Protein chains: 2
Amino acid sequence: MGRRTPHATLQMIADETGVTPSTVSRVLNSASEASARRWASAETINRIRAAAASHGYTPNPQAVGLRTQRSRLIGVIVPRLQDYVLATIYEGIDEAATEKGFATFVTNSLDDPQKRARATETLLSRRVEGMIFGDAQFDGEFLQGVAERGMKFVLVSRRARDFPSVTCDDHLGGRLVGEHLVSIGRRDVAILAGEPYASTGLDRTRGAIDALREAGVDVPPHRVVHGRFDAQGGREAAERILDSRPLPDAIFAANDFAAIGVMGALRDRKLSIPDDVALVGYNDTALAAELPTPLTTVRSPMHEIGRRGLEMLLDLLQGAEVEPLRLPPTLVVRESTVSAEASRSTGTDGSGPSV
Amino acid sequence: MGRRTPHATLQMIADETGVTPSTVSRVLNSASEASARRWASAETINRIRAAAASHGYTPNPQAVGLRTQRSRLIGVIVPRLQDYVLATIYEGIDEAATEKGFATFVTNSLDDPQKRARATETLLSRRVEGMIFGDAQFDGEFLQGVAERGMKFVLVSRRARDFPSVTCDDHLGGRLVGEHLVSIGRRDVAILAGEPYASTGLDRTRGAIDALREAGVDVPPHRVVHGRFDAQGGREAAERILDSRPLPDAIFAANDFAAIGVMGALRDRKLSIPDDVALVGYNDTALAAELPTPLTTVRSPMHEIGRRGLEMLLDLLQGAEVEPLRLPPTLVVRESTVSAEASRSTGTDGSGPSV
DNA sequence: CTGAAAGCGCTTACAG
DNA sequence: CTGAAAGCGCTTACAG
């Protein structure tokens, strides 16, 4: 069996300093010098700290957890970590968790109900204090069950019912896209709306439709197609759109990777971007600006969503009441909707953010 | 404070069944019916199991860990989870870990020595039994220190010194690219080699150079440029290459995302792929096949690298001797090196794998 | 102010 | 075969 790295214990520090473990614990757990002085003389405090430091003492989290009934562990479930958006959100979660002294476990659910349920059980059995779901289904049925079991959780990326959540204001993001497309004269917009159970795509779609309608542009139901938020899903959905006539003059793919798939489908059909079809994505992924045709997209604060999600969960664990949080997106105009020449003449640089 | 989800304890099951916790523990920890019979009568066993099931009993891992001195926790450090390649490798690690009853913690190091050191300490303080590094620097100095402290670890993706590792056979992958470029008549190849401290890019570059040299094609030093393995890094590196004359007739970007950046740089200069410049990536990322110009690339078994890495670590923890493992890559030819017309005439479908 | 003691939830040598 | 007891490493009410 793997020999353990020798970790110092409170007892060792106590023996070395000639005090009891109680005192060592109290001193080491004191936030300030002042509060430490309630437990020991200045000199003892120094000796204890020196001994702890020399051993690289660090309290055993299993022992602390067992004693205090707090694991300082958070469980995170995402559809898939391979997805840049969710990976970024998770980075935010983990960063904030580490700062607050928590550790996280992440797993994929692949949006599969069975896997989601199993993953949740595994996390509960690990005694997480709370959970963060990035894979909420819009109906919220599964989550209802989790709530009824008394487990606290926060949703990120996708919202559902009135459960605590931190999302991008996707409806607003959709509006920004609709307004932009109208402003560049597009009148026939097709939308790749993502999976029908994810609020992200649904809200973005609704926002775009609302903005377009207000400008007198109607989006008939057959212009809205569902599919996965990845390149392959985007290509397939685009092909369905492009197989029918007339062709739209703009496509809003509610996800950057789906938009890349659309690019492929357009190229196959020798359609040019943006002259034949303007293309807009969502999320302002690192790739968007670097694509052969730089992609107009909506920047969503992914990292921030993760951070805030973790913070909201900690508030919840402390018994606070929390409100769903919608963080504002910004439109980033690039050459997939406004050609380089046109953008030069209008003063847009084609890469910076602009509302 | 967040009220805990009530978890059943051994004591509760014992009370309910009229036996001692010792017996419950022994029965529940028996692998088979037969071995359970050593501790209790068939009827008692059934009663114990029924009680445990009805409470959804699951042993408290902190208590088990404290008692057995085994946390069943593994620490994983990657350069960045946002990177599709590392995210996929991590998915493999976590999948295998879950199967074996282990849980994992992941963190980013961003290839920053300070962050890496800090993350390692945090993981050690969480009492992980072993670690997996996906961010090894080629010199292996940091890792040497970790090894000297008695912590067992395995490297994935990148190798360093003779430390246990699971990687793609990157030298072979590079060779496949070199041979392919020669076979389609390219004689002036530029290479985006990635960061100079990562074995991945170094080995791929060396492999390509070796294959090209054997075919009589020399790659002078100025044709090898270093940079980050992402779209922006690829674009910047490509610009350095394309600013000098003569232009190369092929570019091997040792990473798919870097290759996407190269595509952008080529388009800016109105250079066509593959006619002016053939382009090859590495990893066969989900995007590669769906790009406007489908990308010729080398498929590496990312998920498998993760799985095998975890398995190797468990072997190590059991005291086994292990050998570094190199998993074989395959070349996938697409239109970025062989145009659709050409591939039609040669029978290549432009998307399936082929050596 | 500080020490001795209890106890978190387990597993497992030790008795009987 | 099975129970009682010890003990993993902590924290913290309880005494003094």
Side-chain angles (χ1 to χ4, degrees), chain A residues 1 4-31 34-45 47-48 51-52 55-73 101 124-127 129, chain B residues 1 3-31 34-45 47-48 52 55-73 101 124-127 129:
Chain A
M1 281 303 112
R4 294 181 314 113
T5 325
H7 286 285
T9 67
L10 266 192
Q11 188 61 255
M12 291 170 59
I13 312 292
D15 290 348
E16 214 173 294
T17 348
V19 295
T20 62
S22 319
T23 304
V24 177
S25 174
R26 292 196 263 242
V27 166
L28 258 22
N29 285 324
S30 298
S35 58
R37 284 306 309 281
R38 294 177 49 207
W39 309 118
S41 69
E43 204 233 309
T44 306
I45 291 172
R47 292 223 320 287
I48 290 173
H55 286 289
Y57 172 76
T58 204
N60 182 321
Q62 348 258 0
V64 174
L66 189 58
R67 176 58 232 241
T68 63
Q69 303 286 35
R70 300 206 50 193
S71 64
R72 304 216 148 239
L73 254 21
L124 294 185
S125 78
R126 282 277 169 185
R127 301 312 195 256
E129 291 186 35
Chain B
M1 278 303 112
R3 98 185 148 75
R4 294 182 313 112
T5 324
H7 286 286
T9 66
L10 264 192
Q11 186 64 252
M12 292 169 60
I13 312 292
D15 290 348
E16 214 171 293
T17 347
V19 296
T20 61
S22 319
T23 303
V24 178
S25 173
R26 291 195 266 241
V27 167
L28 259 22
N29 286 324
S30 297
S35 57
R37 285 305 311 280
R38 294 178 49 207
W39 308 118
S41 69
E43 203 233 309
T44 307
I45 292 173
R47 293 225 319 290
I48 290 173
H55 286 289
Y57 171 76
T58 203
N60 181 321
Q62 348 258 2
V64 174
L66 190 58
R67 175 59 232 239
T68 63
Q69 302 286 34
R70 299 206 53 193
S71 64
R72 303 213 149 241
L73 254 21
L124 294 185
S125 79
R126 280 277 167 185
R127 304 307 197 259
E129 291 187 36

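The chains referred to below are lettered A, B, ... by the order of the sequence lines, with proteins before strands, and numbering in each begins at 1. Quantities reported herein were computed from a predicted structural model and do not represent experimental measurements.
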Q.
Minimum heavy-atom separation for B:A40 and B:I45, please, with both atom names.
A. O-CD1, 3.6 Å

Q. Are A:Q62 and B:T68 close enough that some pair of their side-chain heavy atoms sits under 4.5 Å apart?
A. no

(Q) Please determine whether a side-chain nitrogen or oxygen atom of B:Y57 lies at a distance below 4.0 Å from atom OP1 or OP2 of C:dG9. (A) no

Q: Could you tell me whether the side chain of B:H7 reaches within less than 4.5 Å of the side chain of B:N60, counting heavy atoms only?
A: no

Q: Looking at every strand, decide which applies to A:A8 at a 4.0 Å heavy-atom threshold: base, sugar-phosphate, or nothing.
A: sugar-phosphate

**Q.** Dot-bracket encoding of pairs in DNA chain C, which uses [ ] for pseudoknotted crossings and | for another strand, Watson-Crick or G-U under 3.5 angstrom
**A.** |||.||||||||.|||

**Q.** B:Q62 side chain near D:dG9 phosphate (N/O to OP1/OP2, under 4.0 Å)
**A.** no

Q) If we only count heavy atoms from C-beta on, is the A:W39 to A:T44 side-chain gap below 4.5 Å? A) no

Q: Ignoring hydrogens and angles, tell me if any N or O in the side chain of A:E129 forms a donor-acceptor pair with the backbone of A:R72 under 3.5 Å.
A: yes

Q | Proximal nucleotide (of C:dT12, D:dC10, C:dG9) relative to the B:T68 side chain | A | C:dT12

Q: Please check if the side chain of A:R47 supplies one atom and the backbone of A:T17 the other of a donor-acceptor pair under 3.5 Å.
A: yes

Q) Taking OP1 and OP2 of C:dC8, is either one under 4.0 Å from a side-chain nitrogen or oxygen of B:Q11? A) no

Q.
Using a 3.5 Å distance criterion without hydrogens, assess whether the side chain of A:R26 forms a donor-acceptor pair with backbone atoms of A:V24.
A. no

Q: Run the numbers on A:E16 and A:H55 for side-chain contact (heavy atoms from CB on, under 4.5 Å), then give the verdict.
A: CA-CA 11 Å; A:E16 214 173 294; A:H55 286 289; 2.6 Å; yes

Considering only nitrogen or oxygen atoms on both sides, find all protein atoms under 3.5 Å from nucleotides 3-7 of chain C and state each distance.
residue : atom : partner : partner atom : Å
C:dG3   : OP2  : A:T20   : OG1          : 3.2
C:dG3   : OP2  : A:T23   : OG1          : 2.7
C:dG3   : N7   : A:R26   : NH2          : 2.8
C:dG3   : O6   : A:R26   : NH1          : 3.4
C:dG3   : O6   : A:R26   : NH2          : 3.1
C:dA4   : N6   : A:S22   : OG           : 3.0
C:dG7   : N2   : A:R67   : NH1          : 3.4

